[in-house]
Amino acid sequence: MSKNLTSRAEDYSKWYNELVVKADLAENSAVRGCMVIKPYGYAIWEKMQAELDRMFKETGHQNAYFPLFVPKSLFEAEEKNAEGFAKECAVVTHYRLQNDPDNEGKLRVDPEAKLEEELVVRPTSEAIIWNTYKGWIQSYRDLPILINQWANVVRWEMRTRLFLRTAEFLWQEGHTAHATKGEAIQEAELMNNVYAEFAENFMGIPVIKGVKTESERFAGAVETYCIEALMQDGKALQAGTSHFLGQNFAKAFDVKFTNNEGKQDLVWATSWGVSTRLMGALIMTHSDDKGLVLPPNLAPSQVVIVPIYKNDKQFDAISEKAESIIKELKELGISCKFDKRTTHRPGAKFAQHELQGVPLRIAIGPKDLENKTVELARRDTLTKSIVEISSVSSNIKDLLTQIQDELFTKALNYRDTHITKVENFEEFKTVLETKTGFISAHWDGTAETEQKIKELTKATIRCIPMDNKLEDGKCVYSGQDSSQRVLFAKAY
RNA sequence: CGGGGUGUAGCGUAGCCCGGUUAUCGCGCCACGUUUGGGACGUGGAGGCCGCAGGUUCGAAUCCUGCCACCCCGACCA
């Protein structure tokens, strides 16, 4: 194993894969396309979960849990949804194994144990949930239902990449039921806003809120809202989606309610989700050639203390200082780890904590003991300073806030300088190949043009921004009239 | 699912074309000692059904056949 990561300039996707493995976030498993999320990576995911969960509850949602398996007949009920996911479903057909008579010591599927009806391993849970909601909803008094579930889902992807696209992934999926169309749309927009706020304020990832075009829309949705982020290599990443499902699932599962005028009506629905893919977004937004860079909000340890000593006496004196710093930080709500491993030398520890993105590092050695100082190093800027030990905790508190802000600002600057307006298709192709990033261009609104552009350039319409201002123009490809610009990019 | 490639120790590899003692090297691992302000050094040590199953041969990591797995490029996708 080489000591250094492949640089981003050399090979961005190699850099990404190495970083995930070397920073101990995740690794490939014995199961094709499925990853093992390791403790350090999972700790970051837990930070995301905790904050999202808090935000969901603050907006009135409750958690529940629905089955992993969906009977095929339920799965196929909403046709568009079923058709959209059919190609990537894992299906359970049998329920028992037996000893293989032709192959000693091996097992085989018991041909007698075939299921009456196949079970689809959920690629998403609308079907099983709406089948359940049918029993819960009779009157407008039963609405709204505002439920989220934390779960795993399976989508049998042809090609997978750690966190960005795995056959099984962790996510949350909200599924809400409403009495009116307006209320459901409001919910879908609200949750997209929650995602945007989470991405920007908590993860430090600037996002563009928008709606998807018809061809990019979630299978079964009437409208798909999304947040789109831009990665360091100029490719876009869909970081979250929120769908207004209209009455499609109510129709498919016959979910009706009596409104306050005594009339039967179909229920309006939304669903919304973010996944462990956010880990990929996190990595590709902030990290550098030395490894992961974590915004303080997401760091399992926000600060690490590395002791430097020549003998036990020095170590004891340093430990005393370290423990008192940790106590002060704890009172300020800051997490700090004292890396007192005797099995690694300071240089190795520095390198490891940089690789793992710990926002701040304190080093305490004999010189510091003498001068009543510590060395404080920032992961994001890789700068070091000598700080009086008496003021170190207040210093750190301010610095963490500053780092969180600066990471966002830096990413925002990059993003904003990588949205390019183009007026013709030549320019479109040139910008896409050389500058990369988002391209803001007029589009005639047809799926044909969208498809053609995708074939020619691999760029897709990432979204039609929410606050888009109307502007007369000509479609960048067809030359037809257009009333607004949309954002194109190559995407993950 | 189409095209290409690769399987040798925990990881990365040499050897394979042209069969022949004990399968190469680096990292990592273990023990002891010296070290500790940016990935330490020395000495010693452990670790291999050479992807699996057949075949050819006196002899196979090496040649042949079949199978399996994985990777890359396309198509598909959060």
Side-chain angles (χ1 to χ4, degrees), chain A residues 1-6 11 13-14 17-18 21-22 27-33 84-89 103 106 123-124 152-161 163-173 195 212 215-219 221 224 226-229 235-243 271-281 290-291 306-312 314-315 318 339-356 361-371 373-377 382 384 386 454-455 458 460 462 491-492:
Chain A
M1 181 142 65
S2 67
K3 275 183 180 169
N4 294 314
L5 285 173
T6 298
D11 186 338
S13 69
K14 198 172 173 194
N17 285 327
E18 282 183 12
V21 173
K22 290 187 179 176
E27 64 187 31
N28 280 309
S29 72
V31 189
R32 193 207 73 99
F85 285 102
K87 296 185 299 294
E88 51 194 47
C89 285
N103 210 340
K106 305 282 185 188
T124 180
N152 58 340
V153 287
V154 169
R155 295 182 189 175
W156 214 259
E157 301 288 353
M158 301 305 274
R159 292 181 64 189
T160 58
R161 287 191 71 194
F163 289 119
L164 292 173
R165 177 167 295 106
T166 46
E168 179 193 14
F169 57 94
L170 305 184
W171 76 345
Q172 57 69 219
E173 46 181 330
Y195 288 154
K212 289 290 184 188
S215 48
E216 294 279 331
R217 202 175 281 158
F218 177 75
T224 288
C226 63
I227 53 171
E228 290 285 328
K235 286 170 81 175
L237 183 100
Q238 179 176 302
T241 49
S242 178
H243 316 290
S271 68
W272 28 274
V274 295
S275 72
T276 36
R277 188 178 224 208
L278 285 175
M279 292 288 291
K290 285 194 180 295
V306 177
I308 297 157
Y309 55 95
K310 292 200 188 342
N311 54 53
D312 286 355
Q314 278 180 0
F315 177 74
I318 291 165
D339 187 354
K340 56 186 170 190
R341 288 175 298 172
T342 55
T343 49
H344 297 258
R345 297 165 88 252
K349 292 180 184 179
F350 291 173
Q352 187 196 335
H353 295 128
E354 271 164 12
L355 185 58
Q356 298 198 297
R361 182 188 69 228
I362 295 173
I364 311 177
K367 278 186 253 167
D368 298 300
L369 288 176
E370 216 172 284
N371 304 330
T373 56
V374 300
E375 182 193 80
L376 190 56
L382 295 168
K384 295 181 206 174
I386 303 296
K454 184 179 175 181
E455 279 167 24
K458 290 183 182 166
T460 49
R462 301 319 304 156
Y492 274 99

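Since this is a predicted model, take the numbers as computed values, not measurements. Side-chain atoms are counted along with the backbone in the values below, which use heavy atoms only and exclude waters and symmetry mates.
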Checklist entry - Taking CG from A/Asn28 and C1' from B/C72, how many angstroms apart are they, rounded to a whole number? => result 14 Å
Checklist entry - Quick one: A/Lys458 NZ to B/C76 C1', roughly how many Å, whole number? => result 13 Å
Checklist entry - What distance separates A/Glu157 CD from A/Lys87 NZ, expressed to the nearest 0.5 Å? => result 10.0 Å
Checklist entry - Touch check for A/Tyr492, heavy atoms < 4.0 angstrom, all strands: base, sugar-phosphate only, or nothing? => result nothing
Checklist entry - Looking at CZ of A/Phe169 and CE of A/Met279, how far apart are the two atoms once the value is rounded to the nearest 0.5 Å? => result 15.0 Å
Checklist entry - Taking the side chain of A/Glu157 as its heavy atoms from C-beta onward, which of B/G38, B/G74, B/C76 lies nearest to it? => result B/C76
Next on the checklist: If I take atom CH2 from residue A/Trp272 and atom NE2 from residue A/His243, how far apart are they, to the nearest 0.5 angstrom?
Outcome noted: 11.5 Å
Next on the checklist: Does A/Lys384 contact B/G38 through a side-chain donor or acceptor facing the base, at a distance under 3.5 Å?
Outcome noted: yes
Next on the checklist: Take a 6.0 Å sphere around NZ of A/Lys235 and say whether it holds more than 12 heavy atoms from other residues, nucleotides or ligands.
Outcome noted: yes
Checklist entry - Given atom CG of A/Leu355 and atom C1' of B/G39, what is their separation to the nearest angstrom? => result 11 Å
Next on the checklist: Output the rounded distance in Å from NZ (A/Lys454) to C1' (B/A75).
Outcome noted: 10 Å
Checklist outcome for this item: Rounded to the nearest 0.5 Å, the CD1 atom of A/Ile308 sits from the CD atom of A/Gln314 at a distance of 10.5 Å
Next on the checklist: Classify A/Arg361 by what it touches in the nucleic acid, base, sugar-phosphate, or nothing, heavy-atom distance under 4.0 Å.
Outcome noted: base
Checklist entry - Taking 4.0 angstrom as the limit, do A/Glu375 and A/Lys367 come out as a salt bridge? => result no
Checklist entry - Taking atom C1' in both B/C1 and B/G48, what distance in whole Å separates the two? => result 37 Å
Checklist entry - Which value, in whole Å, describes the distance between the P atoms of nucleotides B/A69 and B/C52? => result 15 Å
Item to check | Criterion side-chain contact (heavy atoms from CB on, under 4.5 Å) on A/Leu278 and A/Tyr195, from CA distance to verdict | outcome: CA-CA 11 Å; A/Leu278 285 175; A/Tyr195 288 154; over 6 Å; no
Checklist entry - Separation of A/Lys14 atom NZ from B/C72 atom P, in whole Å? => result 12 Å
Checklist entry - How many Å lie between CD on A/Glu216 and P on B/C76, as a whole number? => result 11 Å
Checklist entry - In dot-bracket notation, what is the pairing pattern of RNA chain B, taking Watson-Crick (N1-N3 plus N6-O4 or O6-N4) and G-U wobble (N1-O2 and O6-N3) contacts under 3.5 Å, with [ ] crossing and | for other strands? => result (((((((..(((.......[....))).((((((.....)))))).....(((((..]....))))))))))))....
Item to check | Closest to the A/Ala348 side chain, choosing from B/G74, B/C76, B/G39 | outcome: B/G39
Item to check | B/A46 versus B/C30 - spacing of their C1' atoms, nearest Å | outcome: 7 Å
Checklist entry - With sugar-phosphate meaning primed atoms plus P, OP1 and OP2, does A/Leu164 contact a base, only sugar-phosphate, or nothing at under 4.0 Å between heavy atoms? => result base
Next on the checklist: Is it true that, when you exclude A/Asp312 itself, more than 12 heavy atoms of the residues, nucleotides or ligands shown sit nearer than 6.0 Å to its CG?
Outcome noted: no
Checklist entry - Taking CD from A/Glu88 and P from B/A75, how many angstroms apart are they, rounded to a whole number? => result 16 Å
Next on the checklist: Judged by each residue's nearest nucleotide on RNA chain B, which is more toward the 5′ side, A/Lys87 or A/Gly33?
Outcome noted: A/Gly33
Next on the checklist: When the C1' atoms of B/U13 and B/G28 are compared, how many Å lie between them, rounded to an integer?
Outcome noted: 14 Å
Checklist entry - A/Pro307 and A/Pro346: which non-hydrogen atoms are nearest, and at how many Å? => result O-CG, 4.3 Å
Next on the checklist: For the P atoms, the ones on B/G42 and on B/U6, what distance do you get once it is rounded to whole angstrom?
Outcome noted: 36 Å
Checklist entry - With a 4.0 Å cut-off on heavy atoms, is A/Thr160 in touch with a base, just the backbone sugar-phosphate, or nothing at all? => result nothing
Item to check | B/G39 base / A/Gln352 side chain donor-acceptor hit below 3.5 Å | outcome: no
Checklist entry - Separation of A/Glu27 atom CD from B/C70 atom P, in whole Å? => result 16 Å
Next on the checklist: Within this structure, what is the CG-CD distance for the pair A/Leu237 and A/Glu228, rounded to the nearest 0.5 Å?
Outcome noted: 7.5 Å
Check nucleotides 34-37 of chain B against the protein and report each pair of N or O atoms closer than 3.5 Å, with its distance, or say if there are none.
residue: B/U35; atom: O2; partner: A/Arg345; partner atom: NE; Å: 3.2
residue: B/U36; atom: O4'; partner: A/Arg345; partner atom: NH2; Å: 3.3
residue: B/U36; atom: O2'; partner: A/Tyr309; partner atom: O; Å: 3.3
residue: B/G37; atom: O6; partner: A/Gly365; partner atom: O; Å: 3.1
residue: B/G37; atom: O6; partner: A/Pro366; partner atom: N; Å: 3.0
residue: B/G37; atom: O6; partner: A/Lys367; partner atom: N; Å: 2.5
residue: B/G37; atom: O6; partner: A/Asp368; partner atom: N; Å: 3.1
residue: B/G37; atom: O6; partner: A/Asp368; partner atom: OD2; Å: 3.4
residue: B/G37; atom: N1; partner: A/Asp368; partner atom: OD2; Å: 2.5
residue: B/G37; atom: N2; partner: A/Asp368; partner atom: OD2; Å: 3.2

Checklist entry - Which value, in whole Å, describes the distance between the C1' atoms of nucleotides B/U24 and B/C67? => result 30 Å
Checklist entry - Between the side chains of A/Arg462 and A/Thr460, does any donor sit under 3.5 Å from an acceptor? => result yes
Next on the checklist: Work out how far the C1' atom of B/C25 is from that of B/C72, and round it to whole angstrom.
Outcome noted: 27 Å
Item to check | Rounded P spacing from B/C70 to B/G12 in Å | outcome: 15 Å
